[in-house]
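Treat the numbers as computed from the prediction; the structure is a model and nothing was measured.
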Amino acid sequence: MQRRTFGKILGWSGLFLLSACGVAKNGGNNNAGGAGKLVFWTMQLKPQFDAYMKDLVTAFEKANPETKVEWVDIPWAEMESKILSAVAAKTAPDVVNLNPQFAAKLAEKKALLDLNYLVKETERSSYFPNIWQANQLNGTTFGLPWYVATDVTIFNRDLLEKAGINPNQVPKNYDQLAQAAEQIRSKTNKYAFLLTMDGGQVLESMVQMGMKLTDASGKAAFNDDAGKAAFSYWVNLFQKKLVPREMLTEGHRKAIELYQAGELAMLLTGPQFLQTVAQNAPDTAKVSDVAPQIVGKTGQKSAAVMNITVPTVSKNQTAAVKFALFLTNAANQLEFCKVGNLLPSTIQSAQDSYFTKVAADAPALERARVVSAAQLADAAVLIPPAKDVDKLRKIIYEELQLAMLGDKPTDKAVANAAERWNSL
């Protein structure tokens with residue numbers, strides 16, 4: 001996994017082929033009895049989840065003897081092209097694991113069932129409401145939330161102490177982070193942190209600072225004081241040389257490398273990267289600890305979500321929805337997350353002691369699990385599914401970079417980004 005995200009959005013050529021595949025919101029290919037065979041696709045869960053999936057499928061088939069489930073695991077890099085081809089050819093699986101951003105593009109073309117009409121309110125209320133919203137587009141619900149990740153702050157106690165910062169008072173918000181960046185740079189000649197522009201992390205931070213991306217009509221909403229302040233935050237840090245120049249050109253892997261090498265005091269990332277640090281840099285791991293996610297003025301915490309969807313071409317929609325609900329229920333999510341060191345999207349699962357209790361002297365990875373799980377109730381997908389959201393992010397990043405490099409005043413960069421987006 002990259003950072004806390006679960007896959008990259010690939011190219012979107014050929015989506016027009018899906019336009020004829022939609023059906024009515026209540027399902028047009030429904031198998032009234034729900035019997036038959038279900039084909040279920042996941043993304044790169046083998047071999048870690050082999051035993052879990054075998055037991056889960058066996059349990060479902062025992063409770064539903066009229067239905068058989070075939071589990072097919074697809075590599076990350078192949079999923080999107082495979083599901084596009086399968087939907088276009090009307091050979092799609094009955095149930096498929098996607099991320100909300102990609103699923104939303106299928107939902108735009110009516111290629112996924114609208115679960116608003118198929119999931120009871122009692123079932124819906126079992127999921128965190130803010131996480132549930134990650135699967136909504138234009139009033140439709142195109143998927144069920146499955147597993148989740150929220151960022152934490154991994155920090156180097158030694159570096160903070162050398163900079164005169166109490167490790168028990170790690171920055172909690174972006175204002176404090178900027179102050180710490182100056183102090184760490186001047187006292188140690190190291191950097192406080194690194195966010196890169198290879199994904200949504202920088203844009204998410206700007207949303208956390210109060211920048212609104214679009215208004216109700218889809219037009220740019222960031223050419224205001226909040227948007228200019230968010231742009232200025234990054235321009236100032238960059239021009240004062242308080243963040244590495246690599247933020248313009250490198251990916252999140254660079255931040256991990258610099259942290260492991262003792263060049264960063266903090267790593268803003270998913271808890272799973274504590275394992276990476278322990279494997280690659282045991283000396284750094286020994287002085288590493290964990291704190292909650294950095295937030296902005298809004299107090300929002302970011303989350304990445306994976307979902308379960310049902311393509312409209314499924315000939316066993318009743319059974320498919322039943323299996324999707326079974327897969328994502330509280331008991332099964334709890335066991336799934338224990339196997340994969342992940343977070344659940346169900347409220348009851350997150351209340352288990354596995355996510356709420358940990359010994360004070362427990363390894364950092366175990367403490368990180370509790371810290372990240374505690375954020376679930378307040379976490380959300382900060383860049384929600386929307387039409388052309390990838391283009392919007394690209395435009396904002398391009399104009400932000402021009403301002404950071406001094407090629408354009410900040411206010412003009414904000415205005416130009418808004419003009420470019422609105423011209424689309």
Side-chain angles (χ1 to χ4, degrees), residues 5-12 14-28 41 43 79-80 83-84 86-88 92-93 95-121 123-125 127-148 199-200 203-204 207 212-221 300 302-314 317 320-321 324-325 328 345 379-394 421 424:
T5 60
F6 306 113
K8 287 187 175 180
I9 303 299
L10 299 180
W12 198 242
L15 185 58
F16 68 91
L17 294 172
L18 305 179
S19 59
C21 297
V23 297
K25 287 185 176 181
N26 62 352
W41 285 9
M43 281 198 278
M79 172 59 89
E80 291 165 359
I83 191 64
L84 280 173
V87 169
V95 183
V96 60
N97 163 210
L98 299 170
N99 62 52
Q101 290 75 21
F102 185 81
K105 295 181 179 182
L106 288 173
E108 279 186 54
K109 298 299 179 181
K110 311 293 187 200
L112 300 177
L113 283 188
D114 180 1
L115 300 178
N116 278 337
Y117 298 83
L118 300 168
V119 176
K120 300 175 183 176
E121 180 56 36
E123 295 165 333
R124 174 174 174 165
S125 63
Y127 305 92
F128 284 102
N130 44 311
I131 302 299
W132 178 270
Q133 291 172 5
N135 288 301
Q136 302 220 299
L137 181 71
N138 300 328
T140 67
T141 298
F142 54 78
L144 298 178
W146 195 12
Y147 55 98
V148 184
L203 188 57
E204 286 177 353
V207 172
K212 187 177 179 181
L213 297 179
T214 58
D215 60 22
S217 68
K219 295 292 185 180
Q300 292 175 300
S302 64
V305 181
M306 289 296 282
N307 63 21
I308 297 297
T309 66
V310 178
T312 53
V313 296
S314 168
Q317 292 177 4
V321 173
L325 288 166
T328 61
S345 60
V381 175
L382 299 183
I383 307 173
K387 185 177 181 180
D388 291 333
V389 70
D390 292 337
K391 294 180 182 178
L392 175 59
R393 179 174 61 192
K394 183 174 184 290
W421 171 250
L424 294 180

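Counting all heavy atoms, side chain and backbone alike, I131 lies closest to A303 at CD1-CB, 4.2 Å. For the pair P100 and A134, the tightest heavy-atom approach, listed with the atom from each and the gap, is CB-O, 3.2 Å. Across all non-hydrogen atoms, the minimal contact from A104 to L137 is O-CD2, 3.5 Å. G139 and N116 get closest at one heavy-atom pair: O-ND2, 2.8 Å. Taking both residues in full, the closest heavy atoms of S302 and L382 are given as CB-CD1, 3.5 Å, listed atom of the first, atom of the second, then distance. The nearest pair of heavy atoms linking T309 to G143 is CG2-CA, 4.0 Å.
Note that CG of L113 and CZ of F142 are 13.0 Å apart. Values are rounded to the nearest 0.5 Å. Once rounded to the nearest 0.5 Å, the distance linking CH2 of W146 with CE of M306 reads 8.0 Å. The structure places CG of N99 at 6.0 Å from CD of E80, a figure rounded to the nearest 0.5 Å. One finds the NZ atom of K387 at 10.0 Å from the CG atom of N138 (value rounded to the nearest 0.5 Å). Here CG of L203 is found 4.0 Å from CD1 of I383. Values are rounded to the nearest 0.5 Å. Once rounded to the nearest 0.5 Å, the distance linking CG of D388 with CD of E108 reads 7.5 Å.
Proximity of a side-chain donor or acceptor of N97 to a complementary backbone N or O of M43 within less than 3.5 Å is detected. In this structure, the side chain of W421 engages the main chain of G218 through a donor-acceptor pair within 3.5 Å. Not a single donor-acceptor pair under 3.5 Å links the side chain of S314 to the backbone N or O of P311. Without hydrogens or angle criteria, D114 side chain to T141 main chain gives a donor-acceptor distance under 3.5 Å. Q136 contributes no side-chain N or O that, together with a main-chain N or O of Q133, makes up a donor-acceptor pair within less than 3.5 Å.
For the pair V389 and P384, the minimum side-chain heavy-atom distance is 4.5 Å or more. V305 is not listed as a side-chain neighbour of F128, based on a closest heavy-atom distance of 4.5 Å or more. F102 places a side-chain heavy atom less than 4.5 Å from the side chain of L84. Between L144 and Y127, the closest side-chain pair of non-hydrogen atoms falls below 4.5 Å. Side chains of M79 and V96 form a contact here, defined as non-hydrogen atoms less than 4.5 Å apart. A heavy-atom distance below 4.5 Å is found between the side chains of P145 and N135. In this structure the side chain of D390 reaches within 4.5 angstrom of the side chain of K105, judged on heavy atoms. A heavy-atom distance below 4.5 Å is not found between the side chains of R393 and L213.
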Is there a side chain to side chain contact (heavy atoms under 4.5 Å, CB included) between Q101 and V381? Walk through the geometry before answering.
CA-CA 10 Å; Q101 290 75 21; V381 175; 3.8 Å; yes

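In terms of the salt bridge (Lys or Arg N to Asp or Glu O under 4.0 Å) criterion, residue partners of K394 (sequence neighbours excluded) are, by chain and number, E398.
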